[in-house]
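Here is the structure we will look at, set down as structure tokens.
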Amino acid sequence: MNDSNSNLKTQNRSLTGRLLIMVAAMFAFGYLLVPLYDVFCEITGFGGRTNATAAVVEEAPDLSREIRVEFMTTVNSYAPFELSSDVSSMTVNPGKMYFATFTGKNLSSESKVAVARPSVAPPAATEHFVKIECFCFNSQEFAANEERAMPLQFIVDPDLPDYVDTITLGYTFYDTARTVANNTL
């Protein structure tokens, strides 16, 4: 009976060790999931992320082709913000640089931090819509009731498939749920 008791203890220790290794592996996978997803989105353009190296700025833009770029904005339902584009759409020529401005406003009486997440549609346009300067993905610190213009500088790559004549750029504004105290995060 002593051998079976010793054998059972050895099996229990082995099982406990394997379970601890599985827990550690699951934690590591969960921890690495966000950076891996970011890399995946950066490479594929999935999730509306554009690839800044995809476009080539040409000396002479393609003036024979016009693309309509539509701007859409939404604010997360729990965010005390407003976000709007200064124009609803633009007609652009591939290869030429353009500027657009969005306006964000903190509707609360305390300092807040927000972030904008972009999406580009149709998916075929994602890798051909290059944002040179963008307020997206960067935390935007707003003082109480502050309103501010946020710039966007972009180029549509001339290699955009011919069947794409409209690109929709959407931004969703989120409250990061961090309030700003004494100008520090």
Side-chain angles (χ1 to χ4, degrees), residues 33-108 112-142 146-178:
L33 196 56
V34 171
L36 290 173
Y37 181 75
D38 287 343
V39 169
F40 173 77
C41 290
E42 204 61 43
I43 292 170
T44 64
F46 184 75
R49 294 206 182 169
T50 58
N51 186 351
T53 61
V56 175
V57 179
E58 295 190 339
E59 301 259 338
D62 183 357
L63 300 177
S64 67
R65 185 172 180 200
E66 292 185 337
I67 308 295
R68 179 178 166 88
V69 177
E70 299 174 334
F71 302 110
M72 295 179 55
T73 60
T74 57
V75 176
N76 178 282
S77 60
Y78 298 105
F81 290 98
E82 285 180 352
L83 178 65
S84 62
S85 61
D86 291 357
V87 295
S88 61
S89 67
M90 299 173 78
T91 301
V92 303
N93 301 107
K96 187 175 178 185
M97 191 173 311
Y98 290 89
F99 297 88
T101 305
F102 290 76
T103 302
K105 182 176 182 181
N106 178 3
L107 301 175
S108 76
K112 293 281 187 180
V113 177
V115 68
R117 297 286 187 232
S119 64
V120 176
T126 301
E127 65 184 56
H128 301 285
F129 189 89
V130 180
K131 293 178 276 193
I132 307 300
E133 178 185 350
C134 183
F135 57 92
C136 56
F137 297 114
N138 296 321
S139 293
Q140 302 291 324
E141 186 178 316
F142 284 86
E146 179 184 4
E147 181 175 319
R148 121 164 37 116
M150 298 179 294
L152 168 67
Q153 182 180 5
F154 67 93
I155 297 173
V156 175
D157 187 348
D159 292 335
L160 179 72
D162 291 336
Y163 62 87
V164 178
D165 61 357
T166 302
I167 298 173
T168 303
L169 174 63
Y171 285 103
T172 302
F173 219 34
Y174 294 93
D175 181 1
T176 63
R178 295 180 292 170

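Below, each value reflects all heavy atoms present in this structure, side chains not excepted, and no hydrogens, waters or symmetry copies. Note that the structure is predicted; figures quoted are calculated from it, not measured.
Using modelled atom types, one finds no donor on one side chain facing an acceptor on the other under 3.5 Å when comparing Thr172 with Asn76.
Listed by chain and residue number, Asn93 satisfy the side chain to side chain donor-acceptor pair (under 3.5 Å) test with Tyr98 (two or more places apart in sequence, or in another chain). For Glu146, the salt bridge (charged side-chain N to carboxylate O under 4.0 Å, His left out) partners two or more places apart in sequence, or in a different chain, are Arg148. In this structure, the salt bridge (charged side-chain N to carboxylate O under 4.0 Å, His left out) partners of Glu70, at least two apart in sequence or on a different chain, are Arg68.
Side-chain contact between Phe154 and Val69 is present, with at least one heavy-atom pair separated by less than 4.5 Å. The shortest distance between side-chain heavy atoms of Lys105 and Phe142 does not fall below 4.5 Å. Using a 4.5 Å heavy-atom cutoff, the side chains of Val75 and Glu82 are not in contact. Between His128 and Pro161, the closest side-chain pair of non-hydrogen atoms falls below 4.5 Å. Residues Ile167 and Leu160 meet the side-chain proximity criterion, which asks for heavy atoms closer than 4.5 Å.
Between the Thr101 side chain and the Asp86 main chain, no donor and acceptor come within less than 3.5 Å of each other. The backbone N or O of Leu83 lies less than 3.5 Å from a partner atom in the side chain of Thr73, making a donor-acceptor pair.
Residue Arg65 comes nearest to Pro158 through the heavy atom pair NH1-O, 4.0 Å, listed as atom of the first residue, atom of the second, then distance. Of all heavy-atom pairs spanning Ala124 and Val164, the tightest one is CB-CG2, 4.3 Å. Nearest heavy-atom pair, Ala100 versus Phe71, reported as atom, atom and distance to 0.1 Å: CB-CZ, 3.9 Å. Of all the heavy atoms in Ser139 and Val113, the pair that sits closest is CB-CG1, 3.6 Å. Pro118 and Cys136 get closest at one heavy-atom pair: CD-CB, 3.8 Å.
With rounding to the nearest 0.5 Å, the separation of CD in Glu127 from CG in Asp157 is 8.5 Å. Once rounded to the nearest 0.5 Å, the distance linking CG of Leu107 with NZ of Lys112 reads 11.0 Å. Taking CE of Met90 as the start and OG of Ser85 as the end, the distance is 10.5 Å to the nearest 0.5 Å. Taking CZ of Arg117 as the reference point, atom OG1 of Thr74 lies at 13.0 Å (rounded to 0.5 Å).
Ring planes of Phe102 and Phe135: tilted class, angle from 30 to 60°.
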Can you list the steps and then say if Tyr171 with Met150 is a side-chain contact (heavy atoms from CB on, under 4.5 Å)?
CA-CA 12 Å; Tyr171 285 103; Met150 298 179 294; over 6 Å; no
